[in-house]
Amino acid sequence: MSALTKVFVVLLVLCSLMLSAAVVVFVNRTEDYAKIAKNIADKAAASEAALRQEVNDKATAWQTAQDAAKSAGDMAAKLKGDLASLQTDVSKREAEIADLKSKMAMSELTASQLTAALKASEDQKALQGSQIVELRSGADKFTKSNGELNLALSDASNKLDVMTRQYRYQQEQLAQNQSEIARLSQLIKDNNLSLNTAPVGIRAGAPAINGVVRAIKNIDNIPYATISVGSSDNVAKGMEFKVIDRDSGTFLGLLTVESVEPNEATGRLAGPKLSDIKAGAEVRTQL
């Protein structure tokens, strides 16, 4: 093989290699361009869809705005009508307010008059309350005084009843004494005696004298007793005293006075129950 042939073969091989490399590069670049074109087409489709959506949205918004404008126009017309009606109502209200102000002025005048009348009524009520307190105080005093007077009247009535009973008793005693005096006077006359010479009563005719036994003593086996009354009580020698048991009221015996002192007297004892006569027993001229 000649050198030229070898060169030619080498060149041919090199050209084949270069062609293969060029074909590979071209094929690779063609695939990249297809992908880029597809991406661009996809992006264009997406942009178109977005644009259409935006157009649709704008159209919808425009229609909504048109509807809102129409509604606003209708609302404005309605509001104008309402405003006119409100202005009419305001005019009526202003007239009513003016009338109410006039009535309020009259009411305030009446209220001031009523306040003055109420104050006068309260003052009168306070005065009446004070008078009622005074009247109640006076009534309480009167009730207390009336109660005291009733108690005093009741006490006086009781005392009057006691005094009346005592007076009746004294009247009865006086009648009995007068009868007794008449009887004794007749007895004195029957015995040819005179009242000026008649002895002082020492037995049944003795005055009513009461005392107590102070001491008991025996003199020559004869029982004697000292009593708590004497000449200052009109006790006289020979006067007889009945000795009585103070607790039971039993008659114990007789004491005949033999000696008399101003505040005591001594006498001889006699009777059925001499042994029961003790210091403290009661002595009486009259039973």
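When a residue number appears, it is its place in the shown sequence, counting from 1.
Note: Arg165 CZ to Arg168 CZ = 9.0 Å, rounded to the nearest 0.5 Å. Going from atom OG of Ser275 over to atom CG of Leu252 covers 9.0 Å, rounded to the nearest 0.5 Å. Within the model, atoms CG of Asp82 and CE of Met75 stand 9.0 Å from one another, a figure rounded to the nearest 0.5 Å. In this structure, OG in Ser154 is found 11.5 Å from CG in Leu160, a value given to the nearest 0.5 Å. Atom CD of Gln171 sits about 12.0 Å away from atom CD of Gln176, to the nearest 0.5 Å. From Gln53, atom CD reaches atom OG1 of Thr60 across 8.0 Å, with rounding to the nearest 0.5 Å.
For Glu96, the salt bridge (Lys or Arg N to Asp or Glu O under 4.0 Å) criterion is met by Arg93, not counting sequence neighbours. Listed by chain and residue number, Lys103 satisfy the salt bridge (Lys or Arg N to Asp or Glu O under 4.0 Å) test with Asp99 (two or more places apart in sequence, or in another chain). For Glu172, the salt bridge (Lys or Arg N to Asp or Glu O under 4.0 Å) test picks out no residue, with sequence neighbours left out. Residues passing the salt bridge (Lys or Arg N to Asp or Glu O under 4.0 Å) test with Asp245: none are found, sequence neighbours excluded.
Side-chain N or O atoms of Glu258 include none that pairs as donor or acceptor with a backbone N or O of Gly238 at under 3.5 Å. The main-chain N or O of Ala126 is never found under 3.5 Å from a side-chain atom of Ser130 such that the two would form a donor-acceptor pair. Between the side chain of Ser137 and the backbone N or O of Val133 there is no donor-acceptor pair closer than 3.5 Å. Under the 3.5 Å distance criterion, the side-chain polar atoms of Ser91 are matched with a main-chain donor or acceptor of Gln87. Checked by atom type and distance alone, the side chain of Thr88 pairs as donor or acceptor with a backbone atom of Ala84 at under 3.5 Å. Of the possible polar contacts, one joining the Ser228 side chain to the Val212 backbone as a donor-acceptor pair under 3.5 Å is found. Asp233 places no side-chain N or O within donor-acceptor distance of the main-chain N or O of Val229, the cut-off being under 3.5 Å. No side-chain donor-acceptor contact under 3.5 Å links Ser85 to the backbone of Gly81. The main-chain N or O of Ala175 is never found under 3.5 Å from a side-chain atom of Ser179 such that the two would form a donor-acceptor pair.
Among residue pairs with one or both ends in residues 123-147, those qualifying as salt bridge (Lys or Arg N to Asp or Glu O under 4.0 Å) are Lys119-Asp123, Glu122-Lys125; sequence neighbours excluded. Listed by first then second residue, pairs satisfying side chain to side chain donor-acceptor pair (under 3.5 Å) with a partner in residues 208-223 read Arg214-Glu264, not counting sequence neighbours.
For the pair Val213 and Thr226, the minimum side-chain heavy-atom distance is 4.5 Å or more. Looking at heavy atoms from C-beta onward, Thr285 lies in side-chain contact with Met239 at the 4.5 angstrom threshold. The shortest distance between side-chain heavy atoms of Ile227 and Phe241 falls below 4.5 Å. Between Leu269 and Val243, some side-chain heavy-atom pair lies under the 4.5 Å cut-off. With a 4.5 Å cut-off on side-chain heavy atoms, Lys273 and Phe251 do not count as touching.
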CA sep, side-chain torsions, deciding dist, call: Ile209, Val235, side-chain contact (heavy atoms from CB on, under 4.5 Å) | CA-CA 8 Å; Ile209 303 172; Val235 177; 4.1 Å; yes
Apply the test salt bridge (Lys or Arg N to Asp or Glu O under 4.0 Å) to residues Lys70 and Asp74: give CA-CA distance (whole Å), side-chain angles for both, the deciding distance (0.1 Å), then the verdict.
-> CA-CA 6 Å; Lys70 184 175 181 303; Asp74 295 338; 3.5 Å; yes
Criterion side-chain contact (heavy atoms from CB on, under 4.5 Å) on Leu254 and Lys242, from CA distance to verdict = CA-CA 5 Å; Leu254 290 174; Lys242 286 79 173 173; 3.9 Å; yes
Audit row: Val257, Leu255, side-chain contact (heavy atoms from CB on, under 4.5 Å) steps and yes/no | CA-CA 6 Å; Val257 176; Leu255 182 144; 4.0 Å; yes
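For the pair Ser248 and Thr250, the tightest heavy-atom approach, listed with the atom from each and the gap, is OG-OG1, 2.8 Å. Shortest non-hydrogen contact noted between Pro262 and Ser231 is CA-OG, 3.1 Å. For the residue pair Ala279 and Ile216, the shortest heavy atom distance occurs at N-CG1, 4.3 Å.
A salt bridge links Arg284 with Glu282: the distance from a Lys NZ or Arg NE/NH1/NH2 to an Asp or Glu carboxylate oxygen falls below 4.0 Å.
Both Leu274 and Val283 are assigned to one and the same hydrophobic cluster, defined by single-linkage of ILVMFWY side chains at heavy-atom distances under 4.5 Å.
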